[in-house]
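First up is the structure itself, then whatever we jot down about it.
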Amino acid sequence: MYHRYHYVASKLAVKNEAENLISIRSLNRYIPGCERTEAVLRASEAKFRALIQNSSDIIGILEADGTIRYESPSVERILGYKPEELLGKNAFEFIHPEDIAKISESFKYLVQNLGATVRVESRFRHKNGSWCFLESTGSNLLAEPFIRGIVINSRDISDRKFAEEKLIYDALHDVLTGLPNRALFTDRLRRASEYAKRHSNYLFAVLFLDLDRFKFINDSLGHTYGDQLLLAIAQRLKECLRPTDLAARLGGDEFTVLLEGIKDVSDTVRVAERIQQELAFPIAIGEQEIITTVSIGIALSTTGYKQPEDLLRNADIAMYRAKARGKARYEIFDTNMHAQIVERLQLERDLRRAIERRELRVYYQPIVYLNTGNLAALEALVRWQHPQEGLIFPEKFMPIAQEIGLSMSIDEWVLQEACRQLQMWQKKCKLKAKTPTLTINVNLCGCWFKQQKLQRYIHQILQETELQPHSLKLEITEDIIMENDSEVSFMLNQLRDLGIKLAIDDFGTGYSSLARLHRFPITELKIDRSFVSGSDVEKGNLDIIETIAILAKKLGMEVTAEGIETAQQLQKLRELKCEYGQGYFFSKPLESKAIEALIMADSVWL
Ligand code: C2E
Ligand code: MG
Ligand code: MG
C-alpha cells in the first residue's frame with residue numbers, strides 16, 4: 001500500500017504541481033485505516049496517470065548523471081522510441097553534438113541547485129536519425145523523496161524552428177541560385193577581416209565578377225534563359241572553389257567570391273583564371289548554346305581598407321577597370337585605381353554642370369586647300385575650360401560625356417556656337433564673296449543616329465543662325481555607317497536633302513567596307529592622322545593614302561589628310577593629289593579671336 005502511494009506521489013510530482021504534491025503529502029499522513037482517503041487517492045492517481053500518458057509533452061525523469069529513469073508514452077509519438085527503449089540510457093547520447101556543451105552547462109547548474117528550474121532548446125535524435133527540436137523545462141527534484149530526480153518536460157518545437165530557420169535562410173540567400181546573398185557575404189567578409197586583425201599573416205581576397213554579355217542575352221533570349229544562365233554560372237562558380245571559399249550573388253549578373261586563408265596574390269589569380277576558363281565553356285540552355293565571358297576585379301586584404309565593405313567596393317572598381325580594358329579579363333585593385341575613380345566621379349559631376357556654367361569653348365582648326373594654301377574650312381573642336389583643372393581636351397571628357405548621356409547636349413551646343421560663329425565671320429569679312437566655299441566642320445557622336453531628331457535639329461539651327469546649309473559639314477565616324485545601314489542611310493539622306501555636307505572622320509581606322517561607302521551620301525573622307533603623322537611617311541602608309549585618294553575620287557568624294565605636321569608630309573600629300581590638309585604644320589586649333597585674325601589677314605600657308 002505504501003509503495004502504491006509512493007508511486008502516485010511520484011507521478012504527481014512529475015506534473016510538478018506544488019499544490020498536488022502538498023495535498024498528497026498531507027494525504028499520506030492519514031492513510032492508515034482511512035478507506036475514504038484511499039478511494040480519493042486512487043481516483044487522483046488515475047486522473048494524473050491519464051494526464052501524463054495523454055500529455056502532448058514528453059515528461060521524463062533523469063538521474064543526476066543524465067541516465068533516463070522514466071519517459072512518458074508521448075516520447076514515442078514525438079521521438080519514435082518506446083519509453084522502455086530509452087530507460088537506462090544516458091540522455092546526452094541523443095543530443096546533437098553542437099548542443100551538448102550548452103545543455104551540459106544548464107544540466108550541471110540544475111543538478112547543483114535544488115529546486116531550480118531551467119528552460120533550454122536542443123536538438124534530440126529521432127529514432128529515424130533526423131533531429132527534432134525540443135523546448136525543455138528541467139526541474140531539480142533530487143531532494144524530493146518521492147522523485148529524487150531531475151524532471152524534464154519537453155515540447156516539440158520543430159515546426160516553429162524549421163520555419164524560423166527558413167526565414168533566416170531566405171534572408172541570407174539568393175532565391176534564384178541559392179547562393180549566399182550580399183548580407184551573408186558581408187557578414188563573412190567582416191568576420192574574415194576581424195580574424196585578419198588578430199592574425200597578421202592571415203590573407204584573404206574578394207573577387208567581384210560581372211558577366212560580359214548578360215544584358216544582351218537577357219534582352220534577346222528572354223528572362224527564362226537569363227535565369228537558367230545565372231543558375232548554370234552559379235553552379236560552375238561553386239565547382240571552381242574550395243569548400244572554405246564563399247561564392248555569393250549580389251544581384252543581376254554580379255557575383256562575388258571570398259577567398260580565405262590564401263598564401264599570396266598568385267593563389268587569387270589562379271582562382272580568377274580557373275573561373276574564367278570554366279565559365280568560358282559553352283552553356284547549353286534549351287536548344288541554345290550560350291557562350292559568355294566574365295570580367296573579374298580582385299581586391300586583396302593587403303591593399304588596406306577601413307571597413308570590410310571597402311574591399312567589396314575596391315573589387316568592384318577593379319572589375320570596372322577589367323571591363324574598360326576589353327572585358328573577359330581580371331584586374332587587381334590598387335590604390336591608384338581608387339584615386340582615379342574619385343577623380344573620374346568628380347569630373348563627371350563637374351561635366352554635368354559645364355554647359356550651364358558656360359565652361360565649354362569651341363576651338364577652330366584651319367583646313368587648307370593644298371593646291372593654293374588657302375583656308376578652305378574650319379573644324380570646330382570642343383574644349384572644356386575647367387575652373388580648377390584648366391583646359392581639358394575632348395579625348396579626356398567626351399568618352400565620359402558619352403557614358404553619362406551628355407555627348408549629344410555637348411554636340412548641340414558646339415553646333416549652335418560654330419554655326420553662329422561662322423555666320424558672323426561670313427558677315428564680318430564678307431567671306432561669301434571672297435571664299436564662298438569656306439565651311440565649318442562639326443563632329444557628331446554616334447548617339448545621334450539612334451534617334452530621329454537629327455535632321456529637325458540641324459534644320460532648326462540653320463534657321464536660327466541663318467547659315468547656308470552648304471556651309472556646314474558634319475563629321476561622323478566609320479562605325480556609324482557600319483552599324484545599321486538602312487536607318488543611318490535614311491538619316492544621312494535627309495541631311496543631304498537639306499544641303500548639308502557629310503564627311504567620314506578618321507577614315508582608315510574603323511572597319512567600313514569600302515564597297516559600302518557609295519551607298520551613303522558622303523561628300524568627303526578625312527584620312528586619319530595615323531597614316532600621315534610620324535617622322536616620315538612610311539611606304540605602306542603612302543600606298544594607303546594613295547588608294548583612299550583614288551577611291552574617293554572614283555566615288556566623287558573629296559579627301560582631307562589629317563595630322564600634317566611637317567613640310568615633308570605636306571609635299572608627299574600634294575604628290576598624291578590629296579586636296580585638303582589639316583594639321584599642326586598649318587595651325588593648331590585656336591580660339592575664335594585668333595582664327596578671326598587669320599581670316600582677316602587672308603592667310604595663305606604655302
Ligand atoms: P578629330 O575630329 O579627328 O579631330 C582632330 C584631332 O586631331 C583634334 O584633336 C586635333 O587637335 C588633332 N590634330 C589636328 N592636327 C593634328 C596634328 O598635326 N598632330 C596631332 N598630333 N594632332 C592633330 P582634339 O581637338 O583633341 O579632338 C579629339 C577628338 O575629339 C576629335 O578628333 C573628335 O573626334 C572629338 N571631338 C572634338 N570636338 C568634338 C565635338 O564637338 N563633338 C564630338 N562628338 N566630338 C568631338
Ligand atoms: Mg573631326
Ligand atoms: Mg579626325
Side-chain angles (χ1 to χ4, degrees), residues 351 354-355 359-368 370 377-385 391-422 439-451 454 457-458 461 472-480 501-510 512 522-535 537 545 548 559-570 572-573 578 580-592 594-595 605:
L351 188 55
I355 297 182
E359 290 168 4
L360 295 186
R361 306 277 179 271
V362 182
Y363 275 48
Y364 299 89
Q365 189 177 28
I367 296 171
V368 174
L370 295 188
L378 295 162
E379 177 170 4
L381 295 160
V382 69
R383 303 284 181 266
W384 178 13
Q385 187 65 52
L391 198 67
I392 306 183
F393 287 82
E395 235 105 70
K396 184 161 179 195
F397 66 86
M398 282 311 278
I400 302 177
Q402 197 124 7
E403 249 177 67
I404 61 176
L406 269 184
S407 53
M408 280 174 71
S409 312
I410 293 178
D411 283 357
E412 281 179 12
W413 183 84
V414 172
L415 254 169
Q416 213 155 7
E417 180 61 22
C419 290
R420 189 194 57 77
Q421 183 66 76
L422 184 69
T439 55
I440 187 91
N441 289 25
V442 180
N443 296 280
L444 283 189
C445 66
C447 328
W448 284 100
F449 294 88
K450 296 194 171 82
Q451 304 194 5
L454 182 58
Y457 190 74
I458 300 286
I461 284 194
L472 176 63
K473 192 179 282 175
L474 297 175
E475 295 191 6
I476 58 170
T477 46
E478 283 174 273
D479 47 313
I480 292 172
K501 291 180 187 154
L502 297 162
I504 302 270
D505 203 355
D506 307 336
F507 189 77
T509 53
S512 63
I522 303 296
T523 48
E524 180 184 329
L525 298 183
K526 294 186 77 178
I527 302 173
D528 189 70
R529 72 164 184 266
S530 57
F531 300 106
V532 179
S533 292
S535 55
V537 187
I545 296 172
I548 295 174
V559 173
T560 301
E562 295 184 304
I564 302 174
E565 290 179 349
T566 64
Q568 194 200 12
Q569 289 163 358
L570 171 63
K572 292 249 163 71
L573 289 160
C578 194
Y580 300 97
Q582 177 180 359
Y584 294 170
F585 178 76
F586 306 113
S587 167
K588 286 196 166 184
L590 300 170
E591 279 181 282
S592 55
I595 290 291
W605 278 274

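Whatever order the structure lists them in is the order used to number ligands and atoms, beginning at 1.
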With respect to the Mg ion (ligand 2), what is the nearest N, O or S atom of [X]?
| X | value |
| --- | --- |
| D505 | OD2 |
| E379 | OE2 |
| E475 | OE1 |

Relative to ligand 1, is [X] under 4.0 angstrom through side chain, backbone, both or neither, heavy atoms considered?
| X | value |
| --- | --- |
| I564 | backbone |
| I410 | neither |
| Q365 | side chain |
| K588 | neither |
| V414 | side chain |
| D411 | side chain |

Revision key, fill the gap. Here the gap from R420 atom CZ to S592 atom OG, rounded to the nearest 0.5 Å, amounts to 8.0 Å
Exercise for review: Output the distance between atom CG (L474) and atom NZ (K501), rounded to the nearest 0.5 Å.
Suggested key: 11.5 Å
Review point. Has E591 got more than 12 heavy atoms of other residues, nucleotides or ligands less than 6.0 Å from its CD?
Key: no
Review point. Is a side-chain N or O of E417 found less than 3.5 angstrom from the main chain of R361, in a donor-acceptor match?
Key: no
Check your understanding: Is a donor on one side and an acceptor on the other found under 3.5 Å between the side chain of T523 and the backbone of L502?
Key -> yes
Practice item. Check step by step if side-chain contact (heavy atoms from CB on, under 4.5 Å) holds for D411 and V442. Key: CA-CA 8 Å; D411 283 357; V442 180; over 6 Å; no
Exercise for review: Confirm or rule out an N/O/S atom of E562, from backbone or side chain, lying less than 2.8 Å from the Mg ion (ligand 3).
Suggested key: yes
Are [X] and [Y] packed together at the side-chain level, in the sense that at least one heavy-atom pair is separated by less than 4.5 angstrom?
| X | Y | result |
| --- | --- | --- |
| W448 | I480 | no |
| L360 | W384 | yes |
| W605 | L570 | no |
| Q582 | P366 | no |

For [atom], the protein heavy atom that lies nearest, with its residue and separation:
| atom | result |
| --- | --- |
| atom 45 (N) of ligand 1 | N443 CB, 3.6 Å |
| atom 29 (C) of ligand 1 | E395 OE2, 3.4 Å |
| atom 24 (P) of ligand 1 | P394 CG, 3.7 Å |
| atom 31 (C) of ligand 1 | L381 CD2, 4.2 Å |

Practice item. Begin with the C-alpha distance, continue with both residues' side-chain angles, and end with the deciding distance and a verdict on side-chain contact (heavy atoms from CB on, under 4.5 Å) for I476 and F449. Key: CA-CA 10 Å; I476 58 170; F449 294 88; 3.8 Å; yes
**Study point:** Pair N443, E379: side-chain N/O donor-acceptor within cut-off below 3.5 Å
**Key:** yes
Please identify which atoms of ligand 1 are closer than 4.0 Å to at least one heavy atom of [X].
| X | result |
| --- | --- |
| P589 | 11 (O) |
| E475 | 2 (O) |
| L444 | 44 (N) |

Closest by any non-hydrogen atom to [atom]: pick that one out of [options].
| atom | options | value |
| --- | --- | --- |
| atom 22 (N) of ligand 1 | Y584, F397, F507 | Y584 |
| atom 12 (C) of ligand 1 | E562, R529, E417 | R529 |
| atom 39 (C) of ligand 1 | D506, D505, V382 | V382 |

Practice item. Assess whether side-chain contact (heavy atoms from CB on, under 4.5 Å) is satisfied between L472 and L415, documenting all intermediate values. Key: CA-CA 9 Å; L472 176 63; L415 254 169; 4.2 Å; yes
**Study point:** N/O/S from D506 sitting under 2.8 Å away from the Mg ion (ligand 2)
**Key:** no
Review point. Can you tell me if N443 has an N, O or S atom under 2.8 Å away from the Mg ion (ligand 2)?
Key: yes
Review point. Which is it for Y363 and I595 under the side-chain contact (heavy atoms from CB on, under 4.5 Å) test, yes or no, and what are the steps along the way?
Key: CA-CA 9 Å; Y363 275 48; I595 290 291; over 6 Å; no
Practice item. Using the six-membered ring of Y584, assess whether NZ or CZ of K588 lies under 6.0 Å from its centre and within 45 degrees of the ring axis. Key: yes
Check contact between [X] and ligand 1, using heavy atoms of the residue and a distance below 4.0 angstrom.
| X | value |
| --- | --- |
| Q582 | no |
| G563 | yes |
| R383 | yes |

Check your understanding: Do you know which of I440, N441, T560 makes side chain to side chain contact (heavy atoms under 4.5 Å, CB included) with K473?
Key -> N441
Exercise for review: For ligand 1, find out whether one of its N or O atoms is nearer than 3.5 Å to an N or O atom of E565.
Suggested key: yes
Point to revise | Exercise check, heavy-atom protein proximity under 4.0 Å to atom 9 (O) of ligand 1 | key: no
